[in-house]
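Scope of the values below: all heavy atoms of this structure, side chains included, with no hydrogens, waters or symmetry mates. Residue indices begin at 1 and follow the sequence shown.
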Amino acid sequence: MTFKHNFKKVLSATAFAAALVVAPAANVSAATNDASSTQQSATATSQDQQASQDQAASQSSAANQSSSTSTSSATSTSTVKKTTKKAKKTTKKSKKKTSKKKAVRKVAKKTTKKKATKKAKKTSKKSTKKTTKAATAAVTASAGQSQATDQQDDAAKKAAEAAAKKAAAAKKAAAKKKAAAKKKAAAKKAAAKKRAAAKKKAAAKKRAAAKKRAAAKKKAAAKKKAAKKSAEKAAKYWIAMRESGGYYTARNGSCYGRYQLLISYLGGDLSKKNQERTADRYVYGRYRSWVNAKRFWLAHNWY
């Protein structure tokens, strides 16, 4: 029973030592995970872990030796006490080391943070300067572009207004020209109409004058004819009165009748009608008119 009780104590002591050893090792590993940013802290923690592992191996070997040599409880308990004391010392040392390393890591963290913040501030300042420069450049460029676009818009507006004015002027001129051409065409048409009317009037006047002349000519011809007829009638009557005194039965030798024609000319027909017809045929055949016959008679006392 005493051996078992002592063996339990030894086991509990070894377990306690192993726990003490494992606890700082766990703390060290956590610290190394927290300070993994720097290379020196990582190497220090790896060395501490190696030392703790060596101590744990020595403690485990000591525990094994104590368990194998458990024939005397006094010796085992003394060795356990020694090992626990050593383990406590080593844990204290490791704690101190880890606390120092933590402090160093904190300082390193602070310095790195300060450096990082300084760098970040510098970079932010640079970036803000760059962004402000870029923004001012963009603003000036946009202002220039807007001014250029405004100028272009003004120029385009002016050009459009000028084009509209020009088009309106051209339209007005075209309308004026068209109206003038229309007016000219109307005047030309009116002149042509007037000329046609004048021509028609002149033609009508000419026709009327021709008609009048023809009528006058006809009248003159009729008058002339009438005068000729009357002259012929008068000349015939004058010859008849000179030849026979106007009697159809008057006889002078071989001559007979009103116009004292040869009886042979009458062809046996002594009628008034035949005497008139034969006398006309004789005069017109020989003298062409009774007037000419009268003129001959006046010159020769016969016809």
For this session: Determine, step by step, whether Cys255 and Leu261 satisfy the side chain to side chain contact (heavy atoms under 4.5 Å, CB included) criterion, reporting the C-alpha distance in whole Å, the side-chain angles of both residues, the deciding distance to 0.1 Å, and the verdict.
Result: CA-CA 5 Å; Cys255 294; Leu261 297 171; over 6 Å; no
For this session: Check step by step if side chain to side chain contact (heavy atoms under 4.5 Å, CB included) holds for Lys205 and Lys201.
Result: CA-CA 6 Å; Lys205 199 173 180 181; Lys201 194 176 180 181; 5.6 Å; no
Exercise. What's the verdict on side chain to side chain contact (heavy atoms under 4.5 Å, CB included) for Val291 and Lys228, showing C-alpha distance, side-chain angles and the deciding distance?
Worked result: CA-CA 9 Å; Val291 174; Lys228 190 178 179 182; over 6 Å; no
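Asn274 places a side-chain N or O within donor-acceptor distance of the main-chain N or O of Asp269, the cut-off being under 3.5 Å.
Between Leu270 atom CG and Tyr256 atom OH the span is 5.0 Å, to the nearest 0.5 Å. In this structure, NZ in Lys172 is found 13.0 Å from NZ in Lys165, a value given to the nearest 0.5 Å. Note: Gln260 CD to Tyr303 OH = 8.0 Å, rounded to the nearest 0.5 Å. The distance from atom CD of Glu243 to atom CG of Asn252, rounded to the nearest 0.5 Å, is 9.0 Å. Between atom NE2 of residue His300 and atom CZ of residue Arg295 there is a gap of 13.0 Å, rounded to the nearest 0.5 Å. Separation of atoms NZ (Lys294) and CZ (Arg242) is listed at 8.0 Å; rounding is to 0.5 Å.
Between Ser289 and Asn292, the side chains place a donor N or O and an acceptor N or O closer than 3.5 Å (distance only, hydrogens not considered).
Residue pairs satisfying the ring pair (Phe, Tyr, Trp, His ring centres under 6.0 Å) criterion with at least one member in residues 204-246, sequence neighbours excluded, are listed as follows: Trp238-Trp297.
Taking Tyr248 as the reference, nothing meets the ring pair (Phe, Tyr, Trp, His ring centres under 6.0 Å) condition, with sequence neighbours excluded. Listed by chain and number, the residues in a side chain to side chain donor-acceptor pair (under 3.5 Å) with Thr249 amount to none (sequence neighbours excluded).
The minimum heavy-atom distance linking Gly257 with Ser244 is given by the pair O-CB, 3.4 Å. Counting all heavy atoms, side chain and backbone alike, Val283 lies closest to Ala293 at CG1-CB, 3.9 Å. Scanning both residues, Glu232 and Trp290, for their nearest heavy atoms gives OE1-N, 2.7 Å. The shortest heavy-atom contact between Arg258 and Gln275 is N-OE1, 3.1 Å.
Both Tyr282 and Leu298 belong to a common hydrophobic cluster when Ile, Leu, Val, Met, Phe, Trp and Tyr are linked at side-chain heavy-atom distances under 4.5 angstrom. Under the 4.5 Å side-chain contact rule for hydrophobic residues, Met241 and Trp302 do not share a cluster.
Ring pair Tyr287/Phe296 is tilted by interplanar angle, where 30° to 60° counts as tilted.
Contact annotation: the side chain of Thr278 never approaches that of Tyr259 to less than 4.5 Å [non-hydrogen atoms, C-beta and beyond].
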